[in-house]
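Only one structure is covered here, and it is reproduced in the block below.
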Amino acid sequence: MLSNLVKIKETFEKELAAVKDGAALESLRIKYLGRKSGMMNDVMQKIREVPPEQKSQYGSEANKLKGYITSKIDEAEQGLGGAQKKSADFFDVTLPGIPPVRGGYHPLELTRRMIEGIFQRLGYTIVEGPEAETDWHNFEALNFPKHHPARDMQDTFFLENDLVLRTHTSPVQIRTMEKTKPPVRIICPGRTFRCDWDITHTPNFYQVEGLMVDAGVSFADLKGTIDHFCRELFSPDTVTRFRPSYFPFVEPGAEVDIRCVKCGGKGCRVCKQTGWLEIMGAGMVHVNVLENVGYDSEIYTGFAFGMGIDRIAMLKFGIDDTRLHYENNLRYLEQFRGVC
Ligand code: PHE
């Protein structure tokens, strides 16, 4: 009878060694420790058949075996659980990673950075100014006569206390000249506001103003600078032309066109069959403006230019509705991912 217990122990050990998962261990437990048909149950039942002089030894050996099997199975269970836990913690460094989604600049931001980069390489400094401006900086000091249409309610958003939402970034040239002595070489990017809303105008838009003042600055410097800028921004064979125009704060004043980026000058829908695209206003700083900021106009001359970032972006990227820039449509914006 006792040898029977030894055999049970041996087979149990063999079977336990072969167990690989929780399910196999559970069937082993049922096989040996199951309440109704478990092997140890059988062993206990058999005590009755054992001759009286062996009963106590058999009983104690049988109990020991049951305790042994129970503890071995518990141990194995913990081992398996431990292994499963280990596999959850396991980190396979050879697996391919999850690539991060790359963001991109908004086309207006992209264009602003391109414009700034070109002028920074020419030695210009970037200067910013307030969006709510005084009448003096936005109009008066820039030689806007009282009757100028830009002062009209149609164009300007008026605020309280003689303030306006700046209608251009030109007031930053006044602020800079009021604070510094020549030479001045700055560009002023920023948000501007006019009361307008159609496919080429939005009430909130962006400009970059440029200003250069020193002794002996001429219109030729202006032309050379703008030519260079256009060739850098669009392409090395870009052709520019200056058309006489009027802005109160420059004299002479001009509008700058580039040969159409779409048709190369033949005439198309983009250039309205003219072969040219207007890209900015420019001119020699008006004597009154120089005097308004306390510069001696007998010694100093300067040029200024101003362009709409929205318009430059439209021409640069072939966009035909500027309102797209303000609608946050991801399908539109995602096209600029990775451009810069
Ligand atoms: N400030 C002008 C505008 O908003 C642009 C400009 C700037 C023109 C400098 C000439 C010189 O239209």
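Note: hydrogens, waters and symmetry copies are ignored here, and every other heavy atom, side chains too, is used. Atoms within a ligand are numbered from 1 in the order they appear, just like the ligands themselves.
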Residues R175 and E178 bridged, charged N to O under 4.0 Å
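A salt bridge is absent here (no side-chain N lies under 4.0 Å from a carboxylate O).
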F12 ring centre to K72 NZ or CZ under 6.0 Å, with the angle to the axis within 45°?
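Negative - K72 is either too far from the ring of F12 or too far off its axis.
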So for ligand 1, is T167 a polar contact partner (N or O within less than 3.5 Å, distance only)?
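N/O-N/O distance below 3.5 Å does not exist for this pair.
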Taking both backbone and side-chain atoms of R194, is any N or O found less than 3.5 Å from an N or O belonging to ligand 1?
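Yes; at least one N/O pair falls below 3.5 Å.
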Is it the case that the ring center of F317 lies less than 6.0 angstrom away from the ring center of F336?
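Yes, they do, as the ring centres are separated by less than 6.0 Å.
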Per-atom contacts of ligand 1 with [X], taking only distances under 4.0 Å to non-hydrogen atoms:
X    : result
A282 : 8 (C), 10 (C), 11 (C)
F247 : 8 (C), 10 (C), 12 (O)
H168 : 1 (N), 4 (O)

Considering only heavy atoms, does [X] approach ligand 1 within less than 4.0 Å through its side chain, its backbone, both, or neither?
X    : answer
F305 : backbone
Q207 : side chain
M307 : neither

Strictly under 4.0 Å, does any heavy atom of Q173 approach an atom of ligand 1?
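The answer is no: ligand 1 sits nowhere under 4.0 Å from a heavy atom of Q173.
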Please confirm whether F249 comes under 4.0 Å of ligand 1, counting heavy atoms of the residue only.
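Yes, that is the case, since the closest heavy atom of the residue is under 4.0 Å from the ligand.
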Checking salt bridge (Lys or Arg N to Asp or Glu O under 4.0 Å) for the pair E49/K46: CA distance, chi angles, key distance, verdict?
CA-CA 5 Å; E49 297 162 26; K46 286 213 171 95; 5.8 Å; no
Does the pair R113 and E116 meet the rule for a salt bridge (Lys or Arg N to Asp or Glu O under 4.0 Å), with working shown?
CA-CA 5 Å; R113 284 172 180 251; E116 283 176 2; over 6 Å; no
Could you identify the single nearest non-hydrogen protein atom to atom 8 (C) of ligand 1 and state the distance to 0.1 Å?
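For this ligand atom, the closest protein heavy atom is G281 C, 3.5 Å.
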Can you list the steps and then say if F249 with H168 is a ring-ring contact (aromatic ring centres under 6.0 Å, His included)?
CA-CA 12 Å; F249 38 94; H168 49 181; 5.7 Å; yes
For atom 1 (N) of ligand 1, which of the options S170, G306, P248 provides the nearest non-hydrogen atom?
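The residue whose heavy atom sits nearest atom 1 (N) of ligand 1 is S170.
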Would you compute the distance between atom CD of E278 and atom CG of L315 and round it to the nearest 0.5 angstrom?
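The distance works out to 10.0 Å.
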Does the pair F305 and F119 meet the rule for a ring-ring contact (aromatic ring centres under 6.0 Å, His included), with working shown?
CA-CA 12 Å; F305 54 88; F119 285 105; 5.1 Å; yes
